[in-house]
Amino acid sequence: MTQYLISFDDGSMVFSEEELPELSEASHAVVRAAQDAGVWVFGGGLESQRASVVATDGTVTDGPYPETKAVLGGFSIIDVPSREDALEWAAKIAAACRCAQEVREIMPDEPTV
């Protein structure tokens, strides 16, 4: 099986305070379905504006790179047989979260000898 990153940009989930309970339940229902299907690996939302960038020389700066227009807001990692399966789960997540999702295949680790 192959792991996929399903993610969305910070700020793309737009909802009112009244909609939060419904949105939360729908999102958790998709996670439970993925867990029940045995494809859920890990996921979560990211704390906004809490990023630090560590350069190759060890220098640390706070925040994302200035030229970055989109900042990752949340993600899910799933382990499925195909890209088509990943896209189906992304569609479920998009409907539950009410925002578009980006899907990327995670490169496999090289086997250790």
Side-chain angles (χ1 to χ4, degrees):
M1 296 231 281
T2 304
Q3 291 186 342
Y4 289 86
L5 168 69
I6 301 173
S7 62
F8 61 91
D9 291 341
D10 187 38
S12 63
M13 285 182 70
V14 180
F15 53 89
S16 68
E17 189 71 30
E18 295 80 32
E19 294 172 297
L20 181 57
E22 179 184 340
L23 186 114
S24 178
E25 177 52 37
S27 299
H28 286 101
V30 173
V31 170
R32 285 191 300 274
Q35 289 170 330
D36 292 345
V39 301
W40 182 258
V41 175
F42 179 76
L46 301 177
E47 189 68 40
S48 296
Q49 306 305 318
R50 296 289 306 199
S52 294
V53 177
V54 182
T56 56
D57 66 358
T59 304
V60 177
T61 56
D62 289 331
Y65 291 105
E67 66 272 10
T68 301
K69 291 182 174 54
V71 177
L72 188 64
F75 68 96
S76 303
I77 305 290
I78 60 169
D79 196 0
V80 293
S82 69
R83 182 169 187 78
E84 290 73 24
D85 291 320
L87 294 172
E88 288 178 19
W89 282 105
K92 294 174 186 180
I93 294 169
C97 293
R98 302 179 191 169
C99 66
Q101 303 290 310
E102 182 176 303
V103 178
R104 292 178 179 242
E105 184 174 336
I106 297 174
M107 294 173 59
D109 287 336
E110 289 294 321
T112 56
V113 181

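Every heavy atom of this structure was used, including side-chain atoms; hydrogens, water molecules and symmetry mates were not.
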Taking a hydrophobic cluster as the set of Ile, Leu, Val, Met, Phe, Trp and Tyr residues connected by side-chain heavy atoms closer than 4.5 Å, whether directly or through intermediates, do [X] and [Y] fall within one such cluster?
X	Y	value
L20	M13	yes
V80	I6	yes
V103	I93	yes
F75	L87	no
V41	L46	yes

Heavy-atom closest contact ([X] atom, [Y] atom, distance):
X	Y	answer
C99	S12	CB-O, 3.4 Å
C97	L23	O-CD1, 3.6 Å
S52	V60	CB-CG1, 4.2 Å

Going from [atom1] on [X] to [atom2] on [Y], what distance comes out if it is rounded to the nearest 0.5 angstrom?
X	Y	atom1	atom2	answer
E22	S27	CD	OG	10.0 Å
S76	K92	OG	NZ	12.5 Å
R83	E88	CZ	CD	12.5 Å
F42	D79	CZ	CG	15.0 Å
D9	Q101	CG	CD	9.5 Å
Y4	I106	OH	CD1	10.0 Å

Expected list for residues 29-39: side-chain donor-acceptor pairs under 3.5 angstrom, two or more places apart:
unit_1: R32; atom_1: NH2; unit_2: E25; atom_2: OE2; d: 2.6

| If you count the non-hydrogen atoms of other residues, nucleotides and ligands that lie under 6.0 Å from CG in D57, is the total more than 12? | yes
| task | Go through the structure and list residues passing salt bridge (Lys or Arg N to Asp or Glu O under 4.0 Å) with E105, not counting sequence neighbours. | result | none
| Checking side chain to side chain contact (heavy atoms under 4.5 Å, CB included) for the pair L5/I77: CA distance, chi angles, key distance, verdict? | CA-CA 5 Å; L5 168 69; I77 305 290; 3.7 Å; yes
